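Here is the naming used below: chain letters follow the sequence lines, and residue numbers restart at 1 for every chain. From a predicted model like this one, the values you see are computed outputs, not experimental measurements.
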2 protein chains.
Amino acid sequence: MSANSRLTIAAHALAWIGLYQRQGHEVATSEQIATSANTNPVVIRRLLGELRRAGLVESRRGAGAGWSLARELESMTLLDVYEAVEPGPLFAMHRTTPDQGCVVGHGIQPAMQNIYEGIEETLRHELARVTLETVLRDVLAAPR
Amino acid sequence: MSANSRLTIAAHALAWIGLYQRQGHEVATSEQIATSANTNPVVIRRLLGELRRAGLVESRRGAGAGWSLARELESMTLLDVYEAVEPGPLFAMHRTTPDQGCVVGHGIQPAMQNIYEGIEETLRHELARVTLETVLRDVLAAPR
DNA sequence: ATGGTCGCAACCTTTTCTGTTACGACTACA
DNA sequence: TGTAGTCGTAACAGAAAAGGTTGCGACCAT
């Protein structure tokens, strides 16, 4: 599916910030999170920027700057994160308009659009069932 | 999500073949289907080749060659098509292994893997509810 | 024998995602 | 007031995937 890792990395970042704050720290830096996720700080800042626009995190600038949660992990779901970092639909239509003179070419897009909408609704429902608190709990439950 | 159009095009092709056969024709050519989908015949042959490996269609070579359904549209679901044409998982993990020395970096992949598996199972369930017969019916029901 | 079609490999272009560098903006603190 | 540390963002490079295109051998009904 040519899947991307945005949802995974965003969840990683949120879990990291959440745990760090529970350990008494005020803010986490993109540098620290990037080290944990084994990627570049700019990648983290970009993703967290989208999460900030969605109201999930806040950032502070200047010296001693960094990122903090805007809400409890308990109140965030994977759906919130998904909608913040994934722009498009799950399934794409034809890249070029099908032949409108053909019965199938004419009816296929509305038909698939309808079907896909129902499926994406179910997907969103599933994503909404998983809170970031659950994610962190599962992360900490991993055998070492 | 960087979605691709394979599922859409494959469903288009199957609906086209199915309708064409109901009109009394034995086989459909990749050329005809490509015209309806407004793409290249090789693209169609590639996709139908995968559907053939999955036992959904058959092809005949030589003169008067082409494609036909291997089963009734009624007995094919979008899940059959999806599994035939989509190789990978819906969501990707980190591109590089996260820091195993970090609690989050260590536990994040098994945690997300588990969550994703449940979600993909639900997705498959939804796809399995839609038959290609339904798709064709919806296609023909489109207002003109 | 021939013409129409599939099978498949090879290559190109476009798009998307990720990584990287660079640098200005901002602010706590000395 | 200066400075160091961090964010914000633009710009570009590299990798990967999807889709489009061409070419040609294999196949077979006629």
Side-chain angles (χ1 to χ4, degrees), chain A residues 1-10 12-13 17 20 25-35 37-53 57-68 70 82 85-98, chain B residues 1-10 12-13 17 20 25-35 37-53 57-68 70 82 85-98:
Chain A
M1 190 69 168
S2 89
N4 63 44
S5 57
R6 294 157 107 78
L7 183 59
T8 302
I9 304 292
H12 186 146
I17 300 172
Y20 197 60
H25 304 276
E26 289 233 334
V27 298
T29 70
S30 60
E31 173 79 39
Q32 295 171 311
I33 302 168
T35 298
N38 195 10
T39 182
N40 191 292
V42 176
V43 172
I44 299 298
R45 290 207 288 272
R46 277 202 288 243
L47 275 174
L48 288 180
E50 300 180 59
L51 297 185
R52 180 183 49 213
R53 256 169 257 130
V57 299
E58 291 166 349
S59 66
R60 207 189 283 175
R61 303 179 68 170
W67 302 83
S68 54
Y82 178 81
V85 303
E86 291 291 352
L90 201 51
F91 301 108
M93 284 298 146
H94 310 61
R95 308 179 92 183
T96 58
T97 307
Chain B
M1 186 71 173
S2 92
N4 63 44
S5 58
R6 293 158 108 75
L7 183 58
T8 303
I9 305 292
H12 186 146
I17 300 173
Y20 197 58
H25 303 277
E26 290 233 334
V27 298
T29 69
S30 60
E31 173 79 37
Q32 295 170 313
I33 302 167
T35 298
N38 195 8
T39 181
N40 192 292
V42 177
V43 173
I44 299 298
R45 290 209 287 272
R46 277 203 286 245
L47 274 174
L48 288 179
E50 301 181 59
L51 297 185
R52 181 183 47 214
R53 257 169 257 130
V57 300
E58 290 167 349
S59 66
R60 206 188 285 175
R61 302 179 69 169
W67 303 83
S68 53
Y82 178 81
V85 304
E86 291 290 352
L90 201 53
F91 301 108
M93 285 295 147
H94 310 62
R95 307 178 92 183
T96 58
T97 307

Take atom [atom1] of [X] and atom [atom2] of [N], then tell me their distance rounded to the nearest Å.
X       : N      : atom1 : atom2 : result
B:Asn40 : C:dA10 : CG    : C1'   : 14 Å
B:Ile9  : D:dG20 : CD1   : P     : 7 Å
B:Ile44 : D:dG19 : CD1   : C1'   : 11 Å
A:Arg60 : C:dT27 : CZ    : P     : 11 Å
A:Glu26 : C:dT27 : CD    : P     : 16 Å
A:Leu47 : C:dT20 : CG    : P     : 15 Å
B:Leu48 : C:dC6  : CG    : P     : 9 Å
A:Arg61 : D:dT9  : CZ    : P     : 7 Å

Aromatic ring pairing A:His25/A:Tyr20, orientation class (parallel under 30°, perpendicular over 60°, tilted between):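 If you compare the ring of A:His25 with that of A:Tyr20, the planes turn out parallel.
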Pairs of donor and acceptor atoms involving the side chains of residues 46-53 of chain A, under 3.5 Å and at least two apart or interchain, shall be tabulated with distances.
| unit_1 | atom_1 | unit_2 | atom_2 | d |
| --- | --- | --- | --- | --- |
| A:Arg52 | NH1 | A:Ser59 | OG | 2.7 |

Look only at the side chain of [X] and the backbone of [Y], and say whether a donor-acceptor pair between them is shorter than 3.5 Å.
X       : Y       : answer
B:Thr29 : B:Gln32 : yes
A:Thr96 : B:Asn38 : yes
A:Thr8  : B:Ala92 : yes

Contacts of B:Asn40 that satisfy side-chain hydrogen bond (donor to acceptor under 3.5 Å, both in side chains) - sequence neighbours left out: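 For B:Asn40 there are no side-chain hydrogen bond (donor to acceptor under 3.5 Å, both in side chains) partners, ignoring immediate neighbours.
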With sequence neighbours excluded, residues passing side-chain hydrogen bond (donor to acceptor under 3.5 Å, both in side chains) with B:Arg60: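 So B:Arg60 forms a side-chain hydrogen bond (donor to acceptor under 3.5 Å, both in side chains) with B:Glu26.
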Residue met sooner reading DNA chain D from 5', once B:Thr39 and B:Gly64 are mapped to nucleotides: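 Nearer the 5' end of the strand: B:Thr39.
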Side-chain N,O (B:Ser59) to OP1/OP2 (C:dG7) below 4.0 Å: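 For B:Ser59, the contact criterion (side-chain N or O under 4.0 Å from OP1 or OP2 of C:dG7) is met.
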Short side-chain N/O contact to D:dG19 OP1/OP2 from B:Arg6, under 4.0 Å: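 Indeed, a polar side-chain atom of B:Arg6 lies that close.
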Candidate nucleotides C:dC17, D:dG8, C:dG4, ranked by approach to the side chain of A:Arg45 - the nearest: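 Looking only at heavy atoms from C-beta outward on A:Arg45, the closest nucleotide is D:dG8.
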Interface with DNA chain C, restricted to residues 28-35 of chain A and to heavy atoms under 4.0 Å: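 Those residues: none at all.
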By side chain to side chain contact (heavy atoms under 4.5 Å, CB included) - contacts of B:Thr97 (at least two apart):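 With neighbours one apart ignored, the set is B:Gln100.
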Partners meeting side chain to side chain contact (heavy atoms under 4.5 Å, CB included) with B:Ala65 (sequence neighbours left out):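 Side chain to side chain contact (heavy atoms under 4.5 Å, CB included) list for B:Ala65, sorted by chain: empty.
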Sugar-phosphate, base or nothing in reach of A:Ala65, heavy atoms under 4.0 Å: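 Touches sugar-phosphate only.
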Could you pull out the protein-nucleic contacts involving nucleotides 11-15 of chain D (nitrogen or oxygen on both sides, under 3.5 Å)?
| unit_1 | atom_1 | unit_2 | atom_2 | d |
| --- | --- | --- | --- | --- |
| D:dA11 | N6 | A:Arg46 | NH1 | 3.3 |

